[in-house]
Number of protein chains: 2
Amino acid sequence: MRENKSQYAVLGLLGMGPMSGYDIKKKFEKIASNFWNASYGQIYPILKRLAGKGLATKSIEKQDGKPDRHIYALTEKGREVLRRWLVEPVARQIGRHEILLKLFFGKQVSLADNIRQVEHFRDLSIVELGNIKVTEEYLKTEKKGNPNLDYQLMTVSYGKHVNSAILNWCNETLSQLRKMADEKGT
Amino acid sequence: MRENKSQYAVLGLLGMGPMSGYDIKKKFEKIASNFWNASYGQIYPILKRLAGKGLATKSIEKQDGKPDRHIYALTEKGREVLRRWLVEPVARQIGRHEILLKLFFGKQVSLADNIRQVEHFRDLSIVELGNIKVTEEYLKTEKKGNPNLDYQLMTVSYGKHVNSAILNWCNETLSQLRKMADEKGT
DNA sequence: TAGAGCATGTAATAGGTTACATGATTAG
DNA sequence: CTAATCATGTAACCTATTACATGCTCTA
């Protein structure tokens, strides 16, 4: 087991309690969509592998009218592996920001095109900030008393800080682009 | 040609002037490392494909003592394709933030472990901010008068906004974690 | 004389998305 | 009656990293 992040993401969720692949997907969407996601095409093979390595155990829960649920639970060995990863310092990551890539080449198109692009990106950030606040409310009300709450709210806080900064950048950049358009028009 | 970002990244750089695969790599490292990167294993096959599709032309520049340079230049068709992509609105992207993934599962390890982790991440952000300022200086002095300068500085500004926000979040999170450690110690 | 820089490329592998396949129940 | 939700999984495909292969020159 080397550097597979998603494997640890799944391991981490199992660390909070036994659950199915379906649950894992839902959990990511509900409370971690801000900084992580995973598709079924990844989750199910990972669960299989974790069980194969003895890091999780599988049991089947029958339901009537609905498909069986395949519940995975972390083993002690699994928790060990998770802990070892959690304390390992993170490496520098270069996020790929498509908006910056486009703006970087902005000279190839018109100022109006660039303005449209940044305005649209600003709209996305506003929606994102809204989503984050919904997650925050959900955690604070529905998950009160949960021992993971403090940590989960820290990830929410990150989203608020970063998206506010992005919003400020959008506004600054937009006024600069508009100024450039004015000057050119004169 | 569908949704391949790196292909457009290469196309975009060629839009600034003819250059080699080697140049492309260097350029990304020098002025776009803040938001994009690409390995030779990607760049060379992409250049080949672009030439195959008639979006770029290839010519060989001999040098003495050094290997030949394979220079690619954008064709009109290539510029068309680039422009079409540039004006297309960006989609929502979910960045994967390993630090948040680890912190999210913070309950599985000690407060001291989490503090160490965030401190280390803060150090990375400080280095990052430094790199961004170096890029800014480089652009402002060495690239004065370059028609792409304004746009390139906007991407630098993004980095400054976001990394400052991250730094603030680190400090807030660290004081919260330390408070939690104090309370537990009492 | 060892290592870094110049310069191009391929092959193996890992990581990830999307489409496909199945099938019942429930809400609008 | 149609779409969504529940639920699991595989296969094909695309994207990206790393290792490998080559070989000259310049600097410490």
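Lettering follows sequence order; numbering is per chain, from 1.
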### Query
dA7(D) C1' sits how many Å from Ile71(A) CD1, rounded?
11 Å
### Query
Given atom CD of Gln7(A) and atom P of dG16(C), what is their separation to the nearest angstrom?
10 Å
### Message
Exactly one of Glu61(A), Lys48(A), Lys58(A) should register a side-chain hydrogen bond (donor to acceptor under 3.5 Å, both in side chains) with His70(A). Which one does?
### Response
Lys58(A)
### Summary
Testing dG16(C), dC6(D), dT17(D) for proximity to the side chain of Arg96(A), the answer is dT17(D)
## Note on the structure
Quick note, Lys48(B) side chain, CB onward, closest among dT8(C), dG9(C), dT17(D) is dG9(C)
### Task
Give the nucleotide from the list dT8(C), dT8(D), dT18(C) with an atom nearest to the side chain of His70(A).
dT8(D)
### Task
Find out whether the Lys NZ or Arg CZ of Lys143(B) is both under 6.0 angstrom from the six-membered ring centre of Tyr138(B) and within 45° of the ring's axis.
no
### Query
Are Lys26(B) and Tyr22(B) in a cation-pi contact, defined as NZ or CZ under 6.0 Å from the six-membered ring centre and within 45° of the axis?
yes
### Task
Return the value, rounded to whole Å, for the distance between atom CD1 of Ile43(B) and atom C1' of dT18(D).
14 Å
### Message
Between Gln93(A) (side chain only) and His97(B) (backbone N and O only), is there a donor and an acceptor less than 3.5 Å apart?
### Response
no
### Query
Within less than 4.0 Å of OP1 or OP2 of dG9(C), is there a side-chain N or O belonging to Lys58(B)?
yes
### Task
State plainly whether one hydrophobic cluster holds both Leu129(A) and Phe35(A), where clusters connect Ile, Leu, Val, Met, Phe, Trp and Tyr through side-chain heavy atoms under 4.5 angstrom apart.
no
### Query
What nucleotide among dC6(D), dT15(D), dT10(C) has an atom nearest to a side-chain atom of Asn4(B)?
dT15(D)
#### Entry: Aromatic ring pairing Phe121(A)/Tyr158(B), orientation class (parallel under 30°, perpendicular over 60°, tilted between)
tilted
### Query
Could you run down nucleotides 19-28 of chain D 5' to 3' and tag each one B, S or - for protein heavy-atom contact under 4.0 Å?
----B-S---
### Task
Would you classify Lys25(B) as touching base, sugar-phosphate or nothing, given that sugar-phosphate means primed atoms plus P, OP1 and OP2, and contacts are heavy atoms under 4.0 Å?
nothing
### Task
Choose from dT8(D), dA16(D), dT10(C) the nucleotide whose nearest atom is closest to any side-chain atom of Ser20(A).
dT8(D)
### Summary
Separation of dG9(C) atom C1' from Arg69(B) atom CZ, nearest Å, is 16 Å
## Note on the structure
note: Ile46(B), atom CD1; dT8(C), atom C1'; distance rounded to Å ~ 15 Å
#### Entry: Evaluation steps, side chain to side chain donor-acceptor pair (under 3.5 Å), between Arg122(A) and Thr173(A)
CA-CA 10 Å; Arg122(A) 183 194 53 190; Thr173(A) 302; over 6 Å; no
#### Entry: Between dA7(C) (P) and Tyr44(B) (OH): distance, integer Å
9 Å
### Spacing of Glu61(B) atom CD relative to dT8(C) atom C1', expressed in whole Å
14 Å
### Message
So, does Ser39(A) get its side chain near the phosphate of dT18(C), meaning an N or O under 4.0 Å from OP1 or OP2?
### Response
no
### Query
How many Å lie between CD on Gln63(A) and P on dG23(C), as a whole number?
18 Å
### Message
Using the side-chain heavy atoms of Gln42(A), tell me which of these nucleotides is nearest: dG16(C), dA16(D), dT10(D).
### Response
dG16(C)
